[in-house]
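The block underneath contains the structure these notes are about, expressed in structure tokens.
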Amino acid sequence: MSATTQRRCVQVLNEALHELFATREDVVLLGEDVLDPYGGAFKVTQGLSDAYPDRVLTTPISEASLFGVAAGMALRGRRPILEIMFGDFIALGMDQIVNGIAKFREMYDDQVTVPLVVRTPMGGRRGYGPTHSQSLEKLLLGVPNVCVVAASECHDLGALLVHAVEDERPVFFIENKLMYGRPSRRPEDGHIGELAVREAGGEYPALTFSGNAFDDASATVVTYGGMLPVVLDAVTELILEHEIFCEVVALSQLLPLDLDPVLESVARTGALVTAEEGTLTAGVGAEIAARVSELAWSDLRRPVRRVAARDGIIPSARTLEDAMLPRVEDVIDVVLALEGVRS
Amino acid sequence: MSATTQRRCVQVLNEALHELFATREDVVLLGEDVLDPYGGAFKVTQGLSDAYPDRVLTTPISEASLFGVAAGMALRGRRPILEIMFGDFIALGMDQIVNGIAKFREMYDDQVTVPLVVRTPMGGRRGYGPTHSQSLEKLLLGVPNVCVVAASECHDLGALLVHAVEDERPVFFIENKLMYGRPSRRPEDGHIGELAVREAGGEYPALTFSGNAFDDASATVVTYGGMLPVVLDAVTELILEHEIFCEVVALSQLLPLDLDPVLESVARTGALVTAEEGTLTAGVGAEIAARVSELAWSDLRRPVRRVAARDGIIPSARTLEDAMLPRVEDVIDVVLALEGVRS
Amino acid sequence: MAALPDLYERMRFIRRFEETLLDLFSQGKLVGTTHTYIGQEANGVGVIDHLDPEVDVVFSNHRCHGHYLEFTGDAYGLLCEVMGRAPGTCGGKGGSQHLCKGNFYSNGILGSIVPVATGIALAEKQKGTGAVSTVFLGDGALGQGVVYESLNMASLWRLPVLFVVENNHYAQSTPIELELAGSIPARAEAFGICTAELDTTDVEEIHAAAGRAVSHVRETSEPFFLVLHTYRFSPHSKGDDTRDPAEIEERRTRDPLLVAGARLDSAEREAIDARVEERLAEVVAEAEAAPEATPEAAVL
Amino acid sequence: MAALPDLYERMRFIRRFEETLLDLFSQGKLVGTTHTYIGQEANGVGVIDHLDPEVDVVFSNHRCHGHYLEFTGDAYGLLCEVMGRAPGTCGGKGGSQHLCKGNFYSNGILGSIVPVATGIALAEKQKGTGAVSTVFLGDGALGQGVVYESLNMASLWRLPVLFVVENNHYAQSTPIELELAGSIPARAEAFGICTAELDTTDVEEIHAAAGRAVSHVRETSEPFFLVLHTYRFSPHSKGDDTRDPAEIEERRTRDPLLVAGARLDSAEREAIDARVEERLAEVVAEAEAAPEATPEAAVL
Ligand SMILES: Cc1ncc(C[n+]2csc(CCOP(=O)(O)OP(=O)(O)O)c2C)c(N)n1
Ligand SMILES: Cc1ncc(C[n+]2csc(CCOP(=O)(O)OP(=O)(O)O)c2C)c(N)n1
Ligand SMILES: [Mg+2]
Ligand SMILES: [Mg+2]
């Protein structure tokens, strides 16, 4: 294993923050418990306040206002990075997001921009219970004029974060709790593990994975963020146990949605499955399914299927949580259930 | 015109509130400026505080907490109706909604229910500008365990509201600003105006409209709330100008989605258009399109198309607002653009 | 620092501008909504005169026209904006409640502007511009929790924010007794913030107190909380007013324009009034002649 | 009204329960998270002893085990809940932070419980039950604006809410100086709410002050704001603690168990301690033998 692949994702993000702070004077970071030696609940900001005491601000527990404070700073030429300790707490900021952050540029007739980044971890599988395990990025998809980026361990996390900070738009940078501890896995020689990978798109690219060198495949699975490893395990098992090949598209930009890589893959495979960790209804998969059904109507041999968490709370007990969140088997089952799947 | 059809919608809602207060001691109403003689910004609560001074509470401007206060009351056996003056302000309550109201029952293992009703007007076309014109019910669709009901002038508004108050679930009862002033239009002899109407579903039924007695039609248009009159005008014009017949399904229950009436209509028409006033991305239409594409795959002759507001702010100037929100012509254009539309 | 005739003229202009808006509404030349500043002019004029529009920042709320006119002087941009004309400050997109020009901003969600103004103060402090970030809020907006979150942060971080509470004793139709408990200044003092409280319509008194408040913020880079008890004569927005007419009449005896006007000699006052009418008529004529905002502008 | 041995026993039980949880965590028998009440026991015990679990209501936060045990006496339900066992209070769905049993509730979003507790008080007042609605919050949670929105409503509407602030001087890793400006009691006084403030670990003192607070709420149907300065000995949740160990050691000299224990004769104290161990061992054994929560239960 090379040095690159051994860095954990939390470290990659942390280094990107250090790089940003070193290169841009206007970057500031604020959030709860972000100071050293604690360095944030998930340790992403470690070392930052020691190095840049004036540009790292630990805050009271006032999420609603923090979004507003970051917006005010962004309006006045700073590049604030707001760390929200758990993604579940973005609900506290919805008014500032919907009625402020997302509106200022357009309603003020392009006289201003709001270049802020909200970094926050989503996702369950740690037994944190109903209010600390959700994948709420879905709540942001209906908000025009913001950008939602969902990092995965196979993306160039550092580059994504740097782009987010340099973006003139407000960017919600969704991290994942389990991802932090995993090794960053970047393509080497066009491969990650056994799978061939292509990277395409702009600043927040999508990765397309294939187990058979982009030859005929049975279906495309589109996913993002913390759900990617689950999907990769599923497609690997589909190859090994069922000799079924799927392509996987891992998006990093959820809003605005750029579905070109998905459409290209669907043109090859004729079938699409969406997979996300959030609850099913009105999830990312809904918008993707609606768009792809319309844009790739003639390519699709069967309806788009969605894999997601059940519509309900995320229980604390691991047994219950496991049953509620989408698993490797769920992805496999849906692919196998696609009528006439090529094998 | 009969007496029934002459009542304006605001009056129907107001009478339903009076009926609820007269029949149930546990019903209370709270909100900003709801006291007489003012009777609420849109006058829906008129006469209520004079008649029931102890059960109508005017509140400080504290939307975030109001959702919590209503939740606390509902947990303890009251039936609170919370009026939120403009639907745009539900963003202020998202935390209470997502992390409290929607969770209590299930995360407390069904030991409690949270039977509250949030009444709020959505919608534009009055020149109120970016923060007072939105259709934000889309933000609620991704929240499991709540019920979203969108009233339209053709539904039995009073019955919908009574059911909402009697529902054990938290119900978001979406009204529409323009609807208030319009006459309530209930089916008479199975017709509303020239269109035949069928009502189906449970407590929050859907209405299916047909211009040719449910004979062959070219497409189904599914819509709700304040968008219904726009769609009805469009289908009427399609009949008169283009001799194209569409069925219209006006949902009243948006969450949980019950799409049976849509599926039945699509089985007849083979095509579906969704129409809503909210912005396109991650709207109600996305979830409907995703579901119908999957469930009615073999019935659909063409992809589901969506009509919605452009993804952006809703400008104040009426010229700009008109250009941004979906209009009669937009519905007509999309129907006409359906490949091979039957005429 | 403006002298009384000047302060009077600006108040008079705001008054007549707002009355004109209400007229235009009745004539159907405006749609949407508007919240006029009639009766409260001494506050905006008395406070904002101490600010430098090139450096300082103002964040206002739904009742922002007076603040906007005083800070930017741009009556034409505002009238066009409210009328939905293309040369409007925000091209017609924002309308009455959502203005932005230079260092002036407003937004229509009560309370939510306060953390943004706090963030602005933080940015300006970090940049070392010496700017004062002033935010205007009503008694009703004090119901919003983000106000207290902001007071806490402004105090903790020693931010140069001037919070100006215009307590006109009503939030829409609701009298203050039904929306606000306890004491307004104590709410800021509890966070360790200096406060001052005035119950006057005298622009000179307000001007003096505001001068001290602004200096405090500018010199110490600490927040200040200025409470101005006031009254509005016009309805909340355009329409119905459920207040006791006798109460309004009683308040009109302390009309800030009367108070200030009485100190001017009548010839001077009449000359000012005439100048205001003239300027306003010009602005109205120009705005009425301006092209409507065009849909193309709304397309992204 | 409980006597000292009783209060001591309950504190001791909470202490040992929480220590046991941390042990089980280290052994990998628990997952997720937990926030222990170690060091703060005198607050929960001193306050809740005045409440009637049949009538009164408690809403607690992330650090809720002590409150739960004192109010419900249900150690088995709590341990099963935290361990993800089927007989857990909420069938394993809620876990450590999201408890509900009878008139007890907790939730893990800081501050957001306060308006809910306020609504509970409003409901109970309307129903005329005479219930006191008690809500526990930390110094950190005072950063949340909904707390002030709730204080305003509780005062305006004269609601029977007892707000109990447990100021343990830290919010997670953040010392109070970096999260809180001004004065804690003044924040409630500004809304016209009566307050009391205690800086003690003596359960008898807390018990007495809380008795007065609860009586005030019950008799006047008005809110009360009780500020208890305190300290936690254990880490914020399970793991890392960035506080100065010397500070913790110094605080341990005022351990509420030491303070109360010193007033008991040692034979009595030892008998209590032994009884606590016995009861706890039973609870642990039973919980370990209980079946895991089953997925079926999670399906709607
Ligand atoms: C969050 C929010 N809630 C409600 C409203 C509707 N509204 C607009 S102005 C107003 C009253 C505001 O009262 P106050 O803050 O005292 O200002 P005033 O109108 O008296 O100047 C209300 C309720 C709003 N714009 N935003
Ligand atoms: C809205 C929200 N923000 C952040 C958190 C994460 N969090 C849990 S406990 C805690 C510190 C709370 O401090 P305090 O209120 O003083 O209570 P203590 O833990 O000291 O008992 C934080 C930041 C949360 N649970 N909810
Ligand atoms: Mg007011
Ligand atoms: Mg604390």
Side-chain angles (χ1 to χ4, degrees), chain A residues 30-43 45-46 49 56-66 68 85-86 88-93 95-96 124-134 177 279 309-325 327, chain D residues 30-34 62 80-86 88 90-99 106-112 137-147 170-176 178-181 236-237 239-243 291-300:
Chain A
L30 61 168
E32 292 157 17
D33 299 292
V34 294
L35 295 192
D36 294 315
Y38 197 72
F42 292 92
K43 311 302 169 203
T45 65
Q46 208 116 49
S49 74
V56 180
L57 210 55
T58 198
T59 70
I61 301 166
S62 309
E63 285 86 358
S65 287
L66 291 180
M85 192 187 285
F86 283 83
D88 312 73
F89 309 154
I90 61 162
L92 287 150
D95 168 64
Q96 289 289 342
R125 311 191 200 273
R126 290 190 60 158
Y128 285 164
T131 61
H132 287 64
S133 307
Q134 298 167 92
K177 296 181 197 105
T279 52
R310 269 187 239 142
D311 285 327
I313 60 134
I314 302 176
S316 275
R318 293 304 297 270
T319 45
L320 306 182
E321 191 187 30
D322 283 350
M324 146 91 195
L325 296 178
R327 290 162 300 184
Chain D
L30 292 185
V31 289
T33 191
T34 193
H62 62 292
C80 285
E81 185 63 28
V82 179
M83 293 180 77
R85 306 288 164 139
C90 295
K93 289 176 181 164
S96 166
Q97 308 190 68
H98 315 95
L99 301 172
S106 73
N107 199 3
I109 306 285
L110 292 170
S112 300
L137 56 161
D139 49 295
L142 291 175
Q144 295 290 29
V146 286
V147 173
Y170 285 89
Q172 200 146 333
S173 74
T174 306
I176 189 161
L178 295 182
E179 35 115 336
L180 190 135
H236 169 66
S237 53
D240 35 331
D241 198 333
T242 50
R243 294 174 301 176
E292 279 198 301
T294 50
E296 288 69 39
V299 181
L300 281 189

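Chain naming here is simple, since letters A, B, ... match the order of the sequence lines and numbering starts at 1 in each. Bear in mind that the values here come from a model prediction, so they are computed numbers and not experimental data.
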Task: Interatomic distance, Y38(A) atom OH to R243(D) atom CZ [nearest 0.5 angstrom] - done: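 Output value for this atom pair is 11.5 Å.
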
Open item on the list: Quick check on the interface: out of S96(D), G84(D), G88(D), G92(D), who has the most heavy-atom pairs with chain A under 4.5 Å?
Closed with: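 Winner by heavy-atom pair count: G92(D).
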
Task: Among the listed options L110(D), I109(D), L178(D), the residue most often paired with chain A at heavy-atom distances under 4.5 Å - done: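 Looking at each option in turn, the highest pair count goes to I109(D).
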
Task: Any donor-acceptor N or O pair under 3.5 Å, side chains Q97(D), Y128(A) - done: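 Not at all, the side chains of Q97(D) and Y128(A) share no donor-acceptor pair under 3.5 Å.
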
Is [Y] close to [X] at the side-chain level, that is, under 4.5 Å between some pair of heavy atoms?
| X | Y | answer |
| --- | --- | --- |
| L320(A) | K93(D) | yes |
| H98(D) | T131(A) | yes |
| R318(A) | E292(D) | no |
| Q144(D) | L92(A) | yes |
| I61(A) | E179(D) | no |

Task: Where A293(D) and T319(A) come nearest, the two heavy atoms and their spacing - done: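 Answer, listing the atom of A293(D) first, then T319(A): O-OG1, 2.9 Å.
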
Open item on the list: Between F89(A) and chain D, with a heavy-atom cut-off of 4.5 Å, which part of the residue counts as in contact: side chain, backbone, both or neither?
Closed with: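 For F89(A), the side chain is the part near chain D, not the backbone.
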
Task: Contact origin within L57(A) toward chain D - heavy atom pairs under 4.5 Å - done: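 Interface part for L57(A): neither.
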
Open item on the list: Out of G127(A), P130(A), S133(A), return the one with the most heavy atom pairs under 4.5 angstrom to chain D.
Closed with: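 Option with the top pair count is P130(A).
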
TODO: Examine whether an atom of D241(D) lies under 4.5 Å from a heavy atom of chain A, and if so say whether it belongs to the side chain, the backbone or both; otherwise answer neither.
DONE: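 The answer is neither part of D241(D).
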
Task: Toward chain A, the part of T34(D) with a non-hydrogen atom under 4.5 Å - done: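 Neither part.
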
- [ ] Apply side-chain contact (heavy atoms from CB on, under 4.5 Å) to L35(A) and T242(D), showing your working.
- [x] CA-CA 11 Å; L35(A) 295 192; T242(D) 50; over 6 Å; no

Side chain of [X], backbone of [Y]: donor and acceptor closer than 3.5 Å?
| X | Y | result |
| --- | --- | --- |
| S316(A) | G94(D) | yes |
| S62(A) | G143(D) | yes |
| D33(A) | Q172(D) | no |

